[in-house]
Amino acid sequence: MFVLAHLSDPHLAPLPRPHLYELAGKRLGGFLNWHRNRRSFHLSAVLDRIVADLKSRATDHIAVTGDLVNLSLAAEFLAARSWLDRLGAPHDVTLVPGNHDTYVRSKARHPERHWADYMRGDDTSPSEQPTFPFLRRRGPVALIGLTTAVPAPPFRATGRLGAQQLARFAELAERLGREGVFRVVLIHHPPVTRPEWHHERLIDGAAFLDVLKAHGAELVLHGHEHVQSLRWFDAPLGRVPAVGVPSASATMGGQYDAAAYNLYAIDGTPGAWHCDMISRGLAADGSSIVEIKRAVLAGD
């Protein structure tokens, strides 16, 4: 059995004090929003408890689906790298970036510069920068890392994959499908977004779903929405579950779900996979980390 852990959107606190020139443009609105709302919701103490609970479990690998930082300030990337190093070694942790990790154009390549070891495919040398999609094989699992992280206009949190990345994803999904491995797709934005969250959608989500429909996958993991979610999408060999998790630093009583992470116990053989999901997160009274949900995603 292979156990994969998934957490997302830690939005690491505290926010470094920015220079005045760094607050030009989109960052100003994000800075005000952080101090008015987000700083009372994204708590490092909560994140520490989630990570401690995760590390107390017997896991084989950890997936992180983006939004480590908040405004893409230079100092945030260094702090996020330190957090990743504490979470686990690059061989044991796989990361894809989120929209907050490319909040402004001037820092759009900073995730690759600072976190490359966690986003590099098995066939990429340590001297090379990550390319997307990338592939990591761990036990029976093939981790396919995609990036939807692109700088968006003010008051937008949209993502985009782009035609080239989608074409490479299709080729990879098809090849791995013929090999019969358990394909786990890591992506920040969900394929489909609620109508009221139109300004936070994956712009080419329909094209992503076309790839799934044509070539399949066994599991899609994402963040971005800060809520527990499970959606099913059609694929050649049956429906594919797409699972979202809340922010790993979210305290109780906020606008979205409180902090949680998921564990996936993957077992079986090609064509007869079994996958159990266990969600663990803050208890209703915030006193401890407890099991909050179980689901069977593949098999009986």
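By convention here, the first residue in the shown sequence is residue 1. For the numbers below, each heavy atom of this structure counts, side chains included, while hydrogens, waters and symmetry mates do not. Just so we're clear, the structure is a prediction, and the values are computed from it rather than from any experiment.
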(message) Could you tell me if the side chain of Lys107 sits less than 4.5 Å from the side chain of Phe77, heavy atoms only?
(response) yes

(message) Under 4.5 Å between side-chain heavy atoms, counting indirect links through other Ile/Leu/Val/Met/Phe/Trp/Tyr residues: same cluster for Ile289 and Ile292 or not?
(response) no

(request) Find out whether Asp122 and Arg138 are in side-chain contact, i.e. whether some heavy atom of one side chain is under 4.5 Å from a heavy atom of the other. (result) yes

(request) Could you tell me which non-hydrogen atom of Val93 sits nearest to which non-hydrogen atom of Tyr118, and how far apart they are? (result) O-CD2, 3.5 Å

(request) Not counting sequence neighbours, which residues clear ring pair (Phe, Tyr, Trp, His ring centres under 6.0 Å) with His19? List them please. (result) Tyr21

(request) Sequence neighbours left out, what passes ring pair (Phe, Tyr, Trp, His ring centres under 6.0 Å) with His11? Give chain and number order. (result) His42, His100, His226

(request) Please name the pair of heavy atoms, one in Arg136 and one in Gly121, separated by the smallest distance, quoted to 0.1 Å. (result) CG-CA, 4.4 Å

(message) Contact between Arg38 and Asn33 at the side-chain level, heavy atoms closer than 4.5 Å - yes or no?
(response) yes

(message) Checking Arg294 now: which residues fulfil side chain to side chain donor-acceptor pair (under 3.5 Å) with it, not counting sequence neighbours?
(response) Glu291

(message) Using a 3.5 Å distance criterion without hydrogens, assess whether the side chain of Arg27 forms a donor-acceptor pair with backbone atoms of Glu22.
(response) yes

(message) Is there a side-chain contact (heavy atoms from CB on, under 4.5 Å) between Ile203 and Val150? Walk through the geometry before answering.
(response) CA-CA 11 Å; Ile203 291 173; Val150 293; over 6 Å; no

(request) Walk me through it: do Glu179 and Arg175 pass the test salt bridge (Lys or Arg N to Asp or Glu O under 4.0 Å)? (result) CA-CA 7 Å; Glu179 293 180 22; Arg175 174 166 60 84; 3.6 Å; yes

(message) Test your reading of the model: is there a side-chain donor-acceptor pair from Lys55 to the backbone of Leu87, 3.5 Å cut-off?
(response) yes

(request) Mind checking ring pair (Phe, Tyr, Trp, His ring centres under 6.0 Å) for His35 and listing every partner two or more places apart, or none if nothing turns up? (result) Phe31

(message) I'd like to check Thr65 versus His6 (side-chain heavy atoms, cut-off strictly below 4.5 Å). Are they in contact?
(response) yes

(request) Share the residues that join Phe41 in a hydrophobic cluster, the rule being Ile, Leu, Val, Met, Phe, Trp or Tyr side chains under 4.5 Å apart at the heavy-atom level. (result) Trp197, Val227, Tyr256

(message) Assigning hydrophobic clusters by single linkage (Ile, Leu, Val, Met, Phe, Trp, Tyr; side-chain heavy-atom cutoff under 4.5 Å), is Trp232 placed with Ile266?
(response) yes

(request) Evaluate side-chain contact (heavy atoms from CB on, under 4.5 Å) for His274 paired with Val296, printing each intermediate quantity in order. (result) CA-CA 8 Å; His274 189 93; Val296 177; 4.1 Å; yes

(message) Suppose the criterion is salt bridge (Lys or Arg N to Asp or Glu O under 4.0 Å): which pairs have a residue in residues 57-80, not counting sequence neighbours?
(response) Asp53-Arg57

(request) Would you check, one step at a time, whether the test side-chain contact (heavy atoms from CB on, under 4.5 Å) holds for His199 with Thr193? (result) CA-CA 9 Å; His199 297 315; Thr193 303; over 6 Å; no

(message) Enumerate the side chain to side chain donor-acceptor pair (under 3.5 Å) contacts for residues 207-220, please, sequence neighbours excluded, ordered by first and then second residue.
(response) Glu174-His215, Arg183-Glu218

(request) Not counting sequence neighbours, which residues clear side chain to side chain donor-acceptor pair (under 3.5 Å) with Asp117? List them please. (result) Arg81, Arg120

(request) Identify whether Leu186 and Phe2 are in the same connected component of the hydrophobic contact network (ILVMFWY, side-chain heavy atoms under 4.5 Å). (result) yes

(request) Report yes or no: do Leu230 and Leu7 belong to one cluster of Ile/Leu/Val/Met/Phe/Trp/Tyr joined by side chain heavy-atom distances under 4.5 Å? (result) yes

(request) Taking the side chain as every heavy atom from C-beta outward, state whether Phe134 and Thr124 have any pair of such atoms under 4.5 Å apart. (result) no

(request) Taking ring pair (Phe, Tyr, Trp, His ring centres under 6.0 Å) as the test, write out the residues that go with Tyr264, two or more places apart. (result) none

(request) Taking atom CZ of Arg137 as the centre, report whether more than 12 heavy atoms of other residues, nucleotides or ligands fall under 6.0 Å from it. (result) yes

(request) Taking the side chain as every heavy atom from C-beta outward, state whether Tyr261 and Val245 have any pair of such atoms under 4.5 Å apart. (result) no

(message) I need the single residue from Arg160, Arg156, His224 that forms a side-chain hydrogen bond (donor to acceptor under 3.5 Å, both in side chains) with Asn99. Which is it?
(response) His224

(message) Under 4.5 Å side-chain heavy-atom separation, chaining through any Ile, Leu, Val, Met, Phe, Trp or Tyr, what else clusters with Leu209? Say none if it is isolated.
(response) Leu135, Ile144, Leu146, Leu161, Leu166, Phe169, Leu172, Leu176, Val181, Val185, Ile187, Val192, Leu202, Phe208, Val211, Leu212, Val220, Phe233, Val240

(message) The criterion is side chain to side chain donor-acceptor pair (under 3.5 Å); which residues satisfy it with Arg49, sequence neighbours excluded?
(response) none

(request) Search all heavy atoms of Gly216 against all heavy atoms of Pro236 and return the closest pair with its distance. (result) N-CD, 3.7 Å

(message) Grouping I, L, V, M, F, W and Y whenever their side-chain heavy atoms are under 4.5 Å apart, do Val46 and Trp34 come out in a common cluster?
(response) no

(request) Would you check if the side chain of Asp276 reaches a backbone N or O of Ala265 as a donor-acceptor pair within less than 3.5 Å? (result) no

(message) Within the 4.5 Å heavy-atom criterion, are His222 and Ser8 side-chain neighbours or not?
(response) no

(request) Specify the closest pair of heavy atoms between Ala108 and Pro151, including all atoms of both residues, with the distance to one decimal. (result) CB-CG, 3.9 Å

(message) Ignoring hydrogens, what is the shortest heavy-atom contact between His189 and Thr158? Give both atom names and the distance.
(response) NE2-C, 3.4 Å

(message) side-chain contact (heavy atoms from CB on, under 4.5 Å) for Trp83 and Leu68? Distances and angles first, verdict last.
(response) CA-CA 9 Å; Trp83 179 79; Leu68 274 62; 4.2 Å; yes

(request) Any pair with a residue in residues 192-203 that passes salt bridge (Lys or Arg N to Asp or Glu O under 4.0 Å), sequence neighbours left out, goes on the list, sorted by first then second residue, please. (result) none

(request) Looking only at non-hydrogen atoms, find the nearest pair between Ser72 and Tyr103 and report the distance. (result) OG-N, 3.0 Å

(request) Could you check if a side-chain atom of Thr147 sits within less than 4.5 angstrom of a side-chain atom of Val96, using non-hydrogen atoms only? (result) no

